[in-house]
**Student:** 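Have a look at this one.
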Amino acid sequence: MPILYKVVEINTVTEDTLEEALNEWTAKGWRFDGMQFAMRDASRRPAMAFVFFTRDEQEVAP
């Protein structure tokens with residue numbers, strides 16, 4: 001069965017925005033798969049984050 005992927009881009013990376021994205025999409029039936037940060041050269045704080053989710057195609061309601 002095919003796997004569907006969801007990528008959520010977060011432009012303001014904070015604990016609250018990451019938590020919000022995780023809670024929102026897992027409540028919609030997506031499973032957390034990973035997270036990737038885009039860094040700035042001059043800062044230790046990430047400029048952006050990409051949060052990855054998956055679910056089986058058959059789990060999608062018609």
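Bear in mind the structure is a predicted one, so any value in this text is a computation, not a measurement.
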**Student:** How long is the gap from CD1 on Ile10 to CG on Asp16, to the nearest 0.5 Å?
**Tutor:**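 Output value for this atom pair is 11.0 Å.
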**Student:** So Arg31 and Asp56, do their side chains get closer than 4.5 Å, heavy atoms only?
**Tutor:**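 With C-beta onward as the side chain, the pair touches.
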**Student:** Hey, could you give me the CD/OG1 distance between Glu20 and Thr14, rounded to the nearest 0.5 Å?
**Tutor:** 8.5 Å
**Student:** With a 4.5 Å limit on heavy-atom distance, are the side chains of Met35 and Leu18 in contact?
**Tutor:**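 They are in side-chain contact.
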**Student:** CH2 of Trp25 to NZ of Lys6: how many Å apart, nearest 0.5 Å?
**Tutor:** 3.5 Å
**Student:** Mind checking whether Leu4 and Val51 sit in one hydrophobic cluster, side chains of I, L, V, M, F, W, Y counted as touching below 4.5 Å?
**Tutor:**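 Per the 4.5 Å side-chain linkage, Leu4 and Val51 are co-clustered.
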**Student:** Does CD in Glu9 sit with more than 12 non-hydrogen atoms of other residues, nucleotides or ligands closer than 6.0 Å?
**Tutor:**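 Yes, enclosed.
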**Student:** Kindly compute the distance separating CZ (Phe32) from CZ (Phe53), expressed to the nearest 0.5 Å.
**Tutor:** 7.0 Å
**Student:** Donor-acceptor pair, Arg45 side chain versus Val13 backbone, under 3.5 Å?
**Tutor:** yes
**Student:** I need the Arg55 CZ to Asp33 CG distance, nearest 0.5 Å.
**Tutor:** 14.0 Å
**Student:** For Glu24, I'd like to know if atom CD has over 12 heavy atoms of other residues, nucleotides or ligands within 6.0 Å.
**Tutor:**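 Yes.
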**Student:** Which residues satisfy the side chain to side chain contact (heavy atoms under 4.5 Å, CB included) test with Arg40, sequence neighbours excluded?
**Tutor:** Ser43, Ala47
**Student:** Could you list the residues that satisfy side-chain hydrogen bond (donor to acceptor under 3.5 Å, both in side chains) with Thr54, not counting sequence neighbours?
**Tutor:**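 Residues passing side-chain hydrogen bond (donor to acceptor under 3.5 Å, both in side chains) with Thr54: none at all.
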**Student:** Is the charged tip of Lys28 near the ring of Trp30: under 6.0 Å from the six-membered ring centre and within 45° of its axis?
**Tutor:**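 Because its charged atom misses either the 6.0 Å distance or the 45° angle limit, Lys28 does not stack over Trp30.
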